[in-house]
Amino acid sequence: MMDEALFIVDVQNDFLPGGALAVKNGDEVIAPINRLMKHFDMVLASKDWHPARTVHFDKWPVHCVRGTEGAAFPRDLNISSIRKIFLKGTGNTDDGYSAFEATNEDLESFLKINGIKKLYVVGLATDYCVKATALDAAGKGFEVYVVREAVRAVNLHPDDETNAFMEMKEAGVKIISINQI
Ligand code: VGL
Ligand code: ZN
């Protein structure tokens with residue numbers, strides 16, 4: 001459908017096993033995302049894209065510094081159909097978890113100009129940037145879906161993933177299985 005987009009949040013080397021801020025089993029999102037891309041005319045992605053010094057690194061290990069290998073897409077992600085990349089977390093005074101805080105391009109305007117009404121959100125991490133992006137999208141009136149098999153959580157606290165799914169559901173985000181697409 002022309003009014004749907006797949007939105008890939010922060011599938012970057014530093015969030016994968018071996019990376020600076022590795023998400024457990026984060027690499028497992030790659031295969032389902034590669035499969036999902038074939039179902040969408042519009043595929044978009046965000047990158048966590050931090051300056052070398054930012055207050056964000058008071059909370060987190062240094063990760064996804066702009067232009068570094070850690071901030072790059074993993075080799076096995078099929079990037080050929082990604083139409084636009086939204087860079088976020090680019091400032092040094094805030095976290096910039098949501099893709100709607102991208103600074104190279106305004107995501108909300110881009111979606112509206114392109115007639116996108118439904119956003120299918122996948123990627124990393126469920127309890128931070130996926131959640132923040134999905135909640136912002138729902139708040140801006142988009143119909144939002146999160147594909148369960150194509151997201152993974154940091155889980156600093158063991159309940160973070162469960163709580164993130166609950167919070168998203170309460171905001172009207174639909175948590176779906178890949179089989180429903
Ligand atoms: C993220 C923690 C710190 C994310 C980014 O992409 O979910 N999490 N920076
Ligand atoms: Zn970050």
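Just follow the structure's listing: the first ligand is 1, and inside any ligand the first atom is 1. This is a predicted model, so every value here is computed, not measured.
- For the pair Asp48 and ligand 1, the shortest N or O to N or O distance falls below 3.5 Å.
- Taking backbone and side-chain atoms together, His63 has an N/O/S atom less than 2.8 Å away from the Zn ion (ligand 2).
- Checked against a 6.0 Å centroid threshold, the rings of Tyr120 and Phe7 do not count as neighbours.
- Residues His50 and Phe57 form a side-chain contact, since some pair of their non-hydrogen atoms from C-beta on lies under 4.5 Å apart.
- Listed by atom number, the atoms of ligand 1 under 4.0 Å from Ala125 heavy atoms are 4 (C), 6 (O), 7 (O).
- Between the side chain of Asn34 and the backbone N or O of Leu77, no donor-acceptor pair lies under 3.5 Å.
- Summarising the contacts of atom 6 (O) of ligand 1 with Asp14, Asp10, Val11, the nearest heavy atom is found in Asp10.
- In terms of protein heavy-atom proximity, atom 8 (N) of ligand 1 is nearest to Tyr128 CB, 3.6 Å.
- If you look at Val130 next to ligand 1, there are no close heavy atoms at all, none under 4.0 Å.
- Closest to atom 3 (C) of ligand 1 among all protein heavy atoms lies His56 NE2, 3.3 Å.
- With a cut-off of 2.8 Å, the Zn ion (ligand 2) has an N, O or S atom of His50 in range.
- Residue-to-ligand polar distances keep Lys88 apart from ligand 1: every N/O pair is separated by 3.5 Å or more.
- Using modelled atom types, one side-chain atom of Asn13 and one backbone atom of Glu69 make a donor-acceptor pair closer than 3.5 Å.
- Among protein heavy atoms, atom 4 (C) of ligand 1 sits closest to Cys129 SG, 2.9 Å.
- Here Asp48 reaches the Zn ion (ligand 2): one of its N/O/S atoms is less than 2.8 Å from the metal.
- Using a 4.5 Å heavy-atom cutoff, the side chains of Asp48 and Leu87 are not in contact.
- By the 4.0 Å heavy-atom criterion, Gln12 is excluded from the residues contacting ligand 1.
- For the Zn ion (ligand 2), the nearest N, O or S atom contributed by His56 is named NE2.
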